[in-house]
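In what follows, a single structure is set out as structure tokens and then discussed.
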Amino acid sequence: MTRYLIDIRLMGPVKQQISDLSNRLRDQFRLENYLIAPHITLAGPFSTDNEDRLVADFTRTCSGVRKVPNYELGGYGVFGDTRVVYVTVTPDETLKQFRYAMSQALAPYCSLRDYDLVPAEDFQFHATLAMKLDWLTFRRVEWYVSRQEDVIFRHHPIRATLLRNSRIVCEYDFLQERMLTRAQALSRATKKRDLDILKAWSGGNREKRFGK
């Protein structure tokens, strides 16, 4: 079955910090089969028989956002019923409404799950670290991450990504206000540009924080 996912890929220093923690979890608890690439899920996984409509609605909803979304990462949390370990994500109102608008656009013809359809204010944003753990491992990892330094970082998500079976279909760049093909999204030039933007934005944010 074809599985689609819409997410925000983490980039720059925050991706490195979370990846470092994932590597420590892998080495300490042998979680090779339970770790996933750091990202913030916006919808899915889901299926549909109409990819053309999906791409069109994804493009239309992304291009309708008039302000670059923002979010903040912080500590760690768990979903006990599904034995998931994650980094907490606090979205701004733009990101909340964008996520909800996307779910409403896709609901008529995509197999969205119940949690994809919850109201904008109730959706629990998070960046999954590990999932589907057995109960003992889950409790050990929960104890471990509760003693780790928080991921304190705030920046723009830069791009929203549509994936098919974990492979990028296209990405919307909020700063350029345009859709990127898979090749463009993965190009070295685009990656360098995004990292330069993140670096400049983070530097400006620090100056504001310290009153410079």
Side-chain angles (χ1 to χ4, degrees), residues 2-23 25-26 34-46 51 54-55 57-59 61-63 65 67-74 76 84-92 94-103 106 115-116 123-131 151-202 205:
T2 302
R3 289 162 56 90
Y4 296 92
L5 182 72
I6 297 174
D7 70 10
I8 293 171
R9 282 195 295 150
L10 301 178
M11 295 185 289
V14 66
K15 176 183 178 181
Q16 187 60 53
Q17 186 173 351
I18 294 177
S19 294
D20 289 345
L21 176 58
S22 293
N23 291 336
L25 292 176
R26 178 198 62 205
Y34 303 97
L35 298 174
I36 64 175
H39 68 278
I40 301 172
T41 299
L42 298 177
F46 60 87
E51 182 173 301
L54 170 60
V55 172
D57 282 339
F58 176 68
T59 302
T61 306
C62 289
S63 59
V65 177
K67 180 182 177 182
V68 178
N70 209 315
Y71 66 89
E72 183 174 358
L73 294 109
Y76 304 96
V84 169
V85 180
Y86 61 86
V87 178
T88 60
V89 176
T90 303
D92 70 350
T94 300
L95 184 55
K96 289 181 183 179
Q97 295 302 326
F98 167 63
R99 196 279 321 167
Y100 183 66
M102 185 70 69
S103 72
L106 305 186
Y115 58 75
D116 288 320
F123 185 81
Q124 191 165 359
F125 285 79
H126 63 282
T128 302
L129 288 171
M131 59 190 301
V151 179
I152 303 299
F153 206 83
R154 184 177 179 84
H155 65 78
H156 299 299
I158 305 296
R159 301 187 221 154
T161 310
L162 172 63
L163 302 104
R164 180 203 311 118
N165 294 337
S166 300
R167 182 181 174 87
I168 294 174
V169 177
C170 55
E171 281 191 330
Y172 187 80
D173 190 308
F174 287 102
L175 294 178
Q176 296 189 69
E177 297 183 342
R178 71 184 184 100
M179 190 64 71
L180 304 176
T181 65
R182 171 180 168 80
Q184 291 169 331
L186 296 176
S187 72
R188 292 183 179 179
T190 303
K191 180 179 180 181
K192 182 180 185 304
R193 183 193 63 83
D194 285 343
L195 292 178
D196 287 344
I197 290 172
L198 282 173
K199 183 178 180 180
W201 191 92
S202 298
N205 196 46

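- For the atom pair Phe46 CZ and Asp116 CG, the distance stands at 8.0 Å (nearest 0.5 Å).
- Between Phe98 and Tyr172, the gap from one ring centroid to the other reaches at least 6.0 Å.
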*Should Leu21 and Tyr76 be marked as a side chain to side chain contact (heavy atoms under 4.5 Å, CB included) after you check the CA-CA gap, both sets of side-chain angles, and the distance that decides it?*
CA-CA 11 Å; Leu21 176 58; Tyr76 304 96; 3.2 Å; yes
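- A pairwise comparison of heavy atoms in Lys67 and Val65 identifies O-CG1, 3.0 Å as the closest pair.
- Taking OG1 from Thr88 and CD from Gln124, the interatomic distance works out to 9.5 Å, rounded to the nearest 0.5 Å.
- One distance of note links CZ of Arg3 with CZ of Arg164; it measures 14.5 Å at 0.5 Å rounding.
- For the 3.5 Å distance criterion, the side chains of Tyr4 and Glu51 qualify, holding a donor opposite an acceptor.
- Thr161 contributes atom OG1, which lies 6.5 Å from atom CZ of Phe58 (distance to the nearest 0.5 angstrom).
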*What do the steps show when you test Leu95 against Ile8 for side chain to side chain contact (heavy atoms under 4.5 Å, CB included), and what is the final call?*
CA-CA 11 Å; Leu95 184 55; Ile8 293 171; 3.8 Å; yes
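- Checking each of Asp7, Val55, Thr59, Leu5 against Leu162 for a side chain to side chain contact (heavy atoms under 4.5 Å, CB included) leaves exactly one that passes, namely Val55.
- Expressed to the nearest 0.5 Å, how far CD1 of Ile6 lies from CG of Leu54 amounts to 6.0 Å.
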*For Met102 and Leu42, run side chain to side chain contact (heavy atoms under 4.5 Å, CB included): C-alpha distance rounded to whole Å, both residues' side-chain angles, the deciding distance at 0.1 Å, then the answer.*
CA-CA 8 Å; Met102 185 70 69; Leu42 298 177; 5.9 Å; no
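- Remark: the backbone N or O of Asp92 is not paired with any side-chain donor or acceptor of Asn70 at under 3.5 angstrom.
- Nearest heavy atoms, Met179 versus Gln184: O-OE1, 4.0 Å.
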*List the steps and the verdict of side chain to side chain contact (heavy atoms under 4.5 Å, CB included) for Arg9 and Ile168.*
CA-CA 11 Å; Arg9 282 195 295 150; Ile168 294 174; 4.1 Å; yes
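- A distance-only check finds no donor-acceptor pair linking the side chain of Arg159 to the backbone of Leu175 [under 3.5 Å].
- Between Tyr115 and Pro45 the shortest heavy-atom distance is OH-CD, 4.1 Å.
- Atom SG of Cys170 sits about 12.5 Å away from atom CZ of Arg178, to the nearest 0.5 Å.
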